[in-house]
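Notes for the one structure printed next.
Every value quoted in this text rests on a predicted model; they were computed, and no experiment measured them. What's counted below: heavy atoms across the whole structure, side chains too, no hydrogens, waters or symmetry copies.
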Amino acid sequence: VQLQASGGGLVQAGGSLRLSCAASGRSVSNYAVGWFRQAPGKEREFVAAISRSGGSTHYADSVKGRFTISRDNAKNRVYLRMNSLEAEDTAAYYCAAKRFILSDERTPTTADGYVDWGQGTQVTVSS
């Protein structure tokens, strides 16, 4: 599946953004999708993941309660709603997908748990 992330931008601390991951080539309904981020000079880190049905989600402790991952399989998209943004959230954000069989509701939390990756979308939070 091909993925394209969008929705990044410059926002003040305390503000909100919604990132979108658009899938093409295959139905995203067959895939778990995760969001990762990478700040300059740092390793890529897990942010959030959602199972193929949307019934299971997982968040990094650093974003829990502020970020919400969701999916609209009819639109072939996965979203990341980011509220109460902090300067530490500044990074390039990437979406990734891993195909699972029906009824497998896993939500991988490591980069090697995913196969397909989109390009990043930059989020910059000014303090």
Out of curiosity, [X] [atom1] to [Y] [atom2], how far, rounded to the nearest 0.5 Å?
X	Y	atom1	atom2	value
Gln38	Glu45	CD	CD	9.5 Å
Ser20	Leu3	OG	CG	10.5 Å
Ser24	Gln4	OG	CD	8.0 Å
Cys95	Tyr31	SG	OH	13.0 Å
Asn30	Lys98	CG	NZ	13.0 Å
Thr124	Asp89	OG1	CG	11.0 Å

Contacts under 3.5 angstrom, residues 8-19 side chains, donor-acceptor by atom type, not counting sequence neighbours:
residue, atom, partner, partner atom, Å
Ser16, OG, Asn83, OD1, 2.9

So, for [X] and [Y], which heavy atoms are closest and what is the spacing to 0.1 Å?
X	Y	answer
Pro108	Phe100	CG-CZ, 3.8 Å
Arg26	Val1	O-CG2, 3.9 Å
Thr121	Gly7	OG1-N, 3.9 Å
Ser51	Gly55	OG-N, 3.3 Å
Thr68	Tyr59	CA-OH, 3.3 Å
Val28	Arg71	O-NH2, 2.5 Å

Legend entry - Flag side-chain contact, heavy atom, 4.5 Å: Thr90 against Val123: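 Contact flag for Thr90/Val123 side chains = no.
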
Legend entry - Side-chain touch Ser62/Arg37, heavy atoms, less than 4.5 angstrom: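 Yes, close enough: below the 4.5 Å cut-off.
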
Inset, instruction - Verify the neighbour count for atom CD of Gln119: are there more than 12 heavy atoms of other residues, nucleotides or ligands below 6.0 Å? - result: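 Yes, because the 6.0 Å sphere around CD of Gln119 holds more than 12 heavy atoms from other groups.
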
Legend entry - Fellow cluster residues of Tyr114, listed by chain then number, with links counted only when side-chain atoms sit under 4.5 Å apart: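 Traced through the cluster, Tyr114 reaches Phe36, Phe46, Tyr94, Trp117.
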
Inset, instruction - Determine whether the side chains of Ser53 and Glu105 contain a donor N or O and an acceptor N or O closer than 3.5 Å. - result: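 Glu105 and Ser53 do have a side-chain donor-acceptor pair below 3.5 Å.
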
Legend entry - For Asp116, all residues meeting salt bridge (charged side-chain N to carboxylate O under 4.0 Å, His left out), sequence neighbours excluded: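 Counting only residues at least two positions away or on another chain, Asp116 forms no salt bridge (charged side-chain N to carboxylate O under 4.0 Å, His left out).
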
Legend entry - salt bridge (charged side-chain N to carboxylate O under 4.0 Å, His left out) involving Asp104 - partner list, sequence neighbours excluded: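 So Asp104 forms a salt bridge (charged side-chain N to carboxylate O under 4.0 Å, His left out) with Arg106.
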
Legend entry - Set of residues satisfying side chain to side chain contact (heavy atoms under 4.5 Å, CB included) with respect to Lys42, sequence neighbours excluded: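 Here the qualifying residues are Ala39.
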
Legend entry - Candidate list Met82, Arg77, Arg81, test side chain to side chain contact (heavy atoms under 4.5 Å, CB included), partner Tyr79, passing option: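 Single side chain to side chain contact (heavy atoms under 4.5 Å, CB included) partner of Tyr79 among Met82, Arg77, Arg81: Arg77.
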
Legend entry - Ser27: partners by side-chain hydrogen bond (donor to acceptor under 3.5 Å, both in side chains), with sequence neighbours left out: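 Result, side-chain hydrogen bond (donor to acceptor under 3.5 Å, both in side chains) vs Ser27: Ser29.
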
Legend entry - Verdict with supporting geometry, Ile50 and His58, side chain to side chain contact (heavy atoms under 4.5 Å, CB included): CA-CA 7 Å; Ile50 189 165; His58 195 97; over 6 Å; no

Legend entry - Main-chain N/O of Lys75 paired to Asp72 side chain as donor or acceptor, under 3.5 Å: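 Yes: the side chain of Asp72 pairs with the backbone of Lys75.
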
